[in-house]
Protein chains: 2
Amino acid sequence: MAKEKARDLRAGVALLWGEQDQPTRGPKPSLTPHRIAEAAVAIADAEGLDAVAMSKVAAEFGVSAMALYRYVPGKAELVQLMVESVLAPAPDLSAVGEGWRPQIIEWARRSAKIHRSHPWLLAATAMRRQLMGPNQLAWLDAALAALEPAGLTAAQQHRVFVLVAGLVRTLVQQQLDFDEEHSQEWIRLTGELLGRHADRFPALTRAIAAGAFAPDTVDPLEFGLDRILDGVQTLIDRA
Amino acid sequence: MAKEKARDLRAGVALLWGEQDQPTRGPKPSLTPHRIAEAAVAIADAEGLDAVAMSKVAAEFGVSAMALYRYVPGKAELVQLMVESVLAPAPDLSAVGEGWRPQIIEWARRSAKIHRSHPWLLAATAMRRQLMGPNQLAWLDAALAALEPAGLTAAQQHRVFVLVAGLVRTLVQQQLDFDEEHSQEWIRLTGELLGRHADRFPALTRAIAAGAFAPDTVDPLEFGLDRILDGVQTLIDRA
DNA sequence: CGCAACTGCTGATGAGATAAACAGTTTTGG
DNA sequence: CCAAAACTGTTTATCTCATCAGCAGTTGCG
């Protein structure tokens, strides 16, 4: 997780923002960072982020692993490109109509949808503070724009964004976990354990008995948004 | 991230819950899973989760890497033990007084404190749905117990827990990122980029100009809790 | 034309997890 | 008391990956 790989932040920036000058001499490049990222995305979608090995991505193009290093400084930067690739295009919330609340809700829904479509995205963005690419920034911009009409202070606006973005991450993670194959086995084992130690976890035992962990018709994301945005509304009203 | 390592879930369970029978024959074990986990925690605290290599942990005890496999099925299980180790003891909120709100707030504060003290904890628990050990369950139990007086349905209670736990994770992550050494460099670079593309990110540019990202006297955790719990209160009042 | 700037390749290195087989230790059943 | 069983720790050996170095072929500019 915490690999020191400062390398040269600047190299990554140039790549992420497409601010590189095209070479004139030499053989024509047969690849582009973008195509490489897309191939990597395909692998990650199908087999998870761990399956994205330089050699495997390279194989998609029939070249050796080292060939990729002509296009991408290293794996970390490749993952960044994958993220950018998947975040395009940034959401356009102009059709959602007026009001900060519907707009930020729509933002959250779209964000959640992308994260669900690319289960590795959470892990890819969970890592160290990364420099954000244009698309990541565009998503941030869209959220802030949505919140502007709420009339919060700039600092509050930022904090609300963090809450909503965090909510999306949390709930998508939950859902992905639940959908996972081992999930049933996990639930069974945990239930068994709990039965054996019910006295140590009284509140949990009660909650389970009352169906707290049973499948639920309410979308947890909608529930969370309602709570958070109600809280924000309270803040606005109070001002 | 997504390594298939079902191995035998049961082995991990037994280990995590200390449900293993002590061997009688053979040489006395010189270590215990618990001592190993503590050494690993020390390493992770000092150098990050990536620095926790079997060989490095083993070196702490002057034994070979493979010796650890006599105590722990593999690295994944070791990380689980580290988590359990760090989550002990479970929080006792009985001294906090009455009321669901102060109690769940206290729960969140203590959870945040532990996560801040062990920056690797977030990464360690971010992974695949893991089987929870007794201490992890005890934390869950404590949170549910705190929420009981609120009079929510069991399902709502669970959802609120998820919101609060997610909030803690989100905000600790933020704070850890910010404290990181490269942070300043990151902020500078991002600012530079933003200046060069201000027109593409109007809302963001406005927000920054208005100080949205400036250091803030408000604790983001308290802010988030206030919003979420206000939202929960609204839900309760409505019922 | 000849070199500089490139592209892709092969081979090497080093980190890490972990499997396999072995040697020494201790306990217990006969 | 002794030998086999049950263990502990060790050495060796694989495997998977990222990534560095150095090489060979390509191409466009001066």
Side-chain angles (χ1 to χ4, degrees), chain A residues 1-8 11-12 15 20-33 35-36 39-40 43-44 47-82 124 127, chain B residues 1-8 11-12 15 20-33 35-36 39-40 43-44 47-82 120 123-124 127:
Chain A
M1 233 98 266
K3 283 283 172 55
E4 332 297 325
K5 202 60 74 46
R7 208 186 318 260
D8 194 12
L15 180 63
Q20 311 188 88
D21 8 56
Q22 307 297 342
T24 59
R25 321 238 180 135
K28 298 299 172 204
S30 68
L31 305 174
T32 63
R35 284 186 64 204
I36 294 174
I43 293 175
E47 306 173 61
L49 194 53
D50 277 351
V52 178
M54 298 304 269
S55 54
K56 200 161 193 169
V57 178
E60 294 285 307
F61 298 104
V63 300
S64 74
M66 290 312 291
L68 302 189
Y69 287 87
R70 296 286 178 202
Y71 301 90
V72 172
K75 185 171 181 177
E77 289 81 357
L78 172 55
V79 173
Q80 300 268 18
L81 280 182
M82 292 171 63
M127 303 188 279
Chain B
M1 229 96 268
K3 280 282 171 58
E4 332 298 326
K5 202 61 76 42
R7 205 185 321 259
D8 193 13
L15 181 63
Q20 312 188 87
D21 8 55
Q22 308 295 342
T24 59
R25 322 235 177 139
K28 297 299 171 206
S30 69
L31 306 175
T32 63
R35 284 186 64 205
I36 294 174
I43 293 175
E47 305 172 62
L49 193 54
D50 277 351
V52 178
M54 298 304 270
S55 55
K56 201 162 191 168
V57 178
E60 294 285 309
F61 299 103
V63 301
S64 75
M66 291 311 293
L68 302 190
Y69 286 87
R70 296 288 179 201
Y71 301 91
V72 173
K75 186 172 179 177
E77 290 80 357
L78 172 55
V79 173
Q80 299 267 20
L81 280 181
M82 291 170 64
W120 49 271
M127 302 189 278

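We name chains A, B, ... by the order of the sequence lines, and we start the count at 1 in each one. Side chains are part of it too, since the values below use all heavy atoms of this structure and drop only hydrogens, waters and symmetry mates.
- The distance from atom OH of B/Tyr69 to atom C1' of C/dA19 is 10 Å, rounded to the nearest whole Å.
- Among the protein residues, A/Val52 comes within range of the sugar-phosphate backbone only, with heavy atoms under 4.0 Å from sugar or phosphate atoms but none that close to a base.
- Between B/Leu31 and B/Tyr71, the shortest heavy-atom contact is O-CE2, 3.0 Å.
- For the OP1/OP2 pair of C/dG8 and a distance below 4.0 Å, the side-chain nitrogens and oxygens of A/Ser30 include at least one atom meeting the criterion.
- Less than 4.0 Å separates DNA chain C from at least one heavy atom of each of the following residues of residues 56-66 of chain A: A/Val63, A/Ser64, A/Met66.
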With B for base contact, S for sugar-phosphate-only contact and - for none (protein heavy atoms under 4.0 Å), nucleotides 21-30 of chain C reads ---BBBBS--
Can A/Leu15 and A/Gln80 be said to form a side chain to side chain contact (heavy atoms under 4.5 Å, CB included), step by step?
CA-CA 10 Å; A/Leu15 180 63; A/Gln80 300 268 18; over 6 Å; no
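- Summarising the geometry of A/Ala51 relative to A/Lys56, their closest heavy-atom pair is O-CD, 3.1 Å, with the distance given to 0.1 Å.
- In this structure, A/Gln22 atom CD and C/dT7 atom C1' are separated by 14 Å, rounded to whole Å.
- Residues meeting the side chain to side chain contact (heavy atoms under 4.5 Å, CB included) test with B/Ala59, sequence neighbours left out: none.
- Going from atom CG of B/Asp50 over to atom P of D/dA18 covers 14 Å, rounded to whole Å.
- Put simply, NZ on A/Lys75 is 15 Å from P on D/dT16, counting in whole angstrom units.
- The side chain to side chain contact (heavy atoms under 4.5 Å, CB included) search around A/Arg70 returns none, not counting sequence neighbours.
- Every residue was checked against the side chain to side chain contact (heavy atoms under 4.5 Å, CB included) condition with A/Gln22, not counting sequence neighbours, and none meets it.
- For B/Tyr71 and D/dG9, the shortest distance from a side-chain N or O to OP1 or OP2 is below 4.0 Å.
- If you measure from atom CG of A/Leu68 to atom P of C/dT10, you get 13 Å, rounded to the nearest angstrom.
- If you check every strand for non-hydrogen atoms under 4.0 Å, A/Ala53 touches sugar and phosphate atoms only.
- When rounded to the nearest whole Å, the span between CD of B/Glu47 and P of C/dG16 equals 10 Å.
- Atom P of nucleotide D/dC15 and atom CE of B/Met54 are separated by 20 Å, given to the nearest angstrom.
- Within the 4.5 Å cutoff, no side-chain heavy atoms of A/Leu81 are placed close to those of A/Ile36.
- Evaluation of the side chain to side chain contact (heavy atoms under 4.5 Å, CB included) rule for B/Ser55 yields B/Ala53, B/Ala65 as partners, not counting sequence neighbours.
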Show your working on side chain to side chain contact (heavy atoms under 4.5 Å, CB included) between A/Met54 and A/Tyr69 and close with a plain yes or no.
CA-CA 9 Å; A/Met54 298 304 269; A/Tyr69 287 87; 3.6 Å; yes
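- Phosphate contact (OP1/OP2 of C/dA15, side-chain N/O of B/Ser55, threshold under 4.0 Å): absent.
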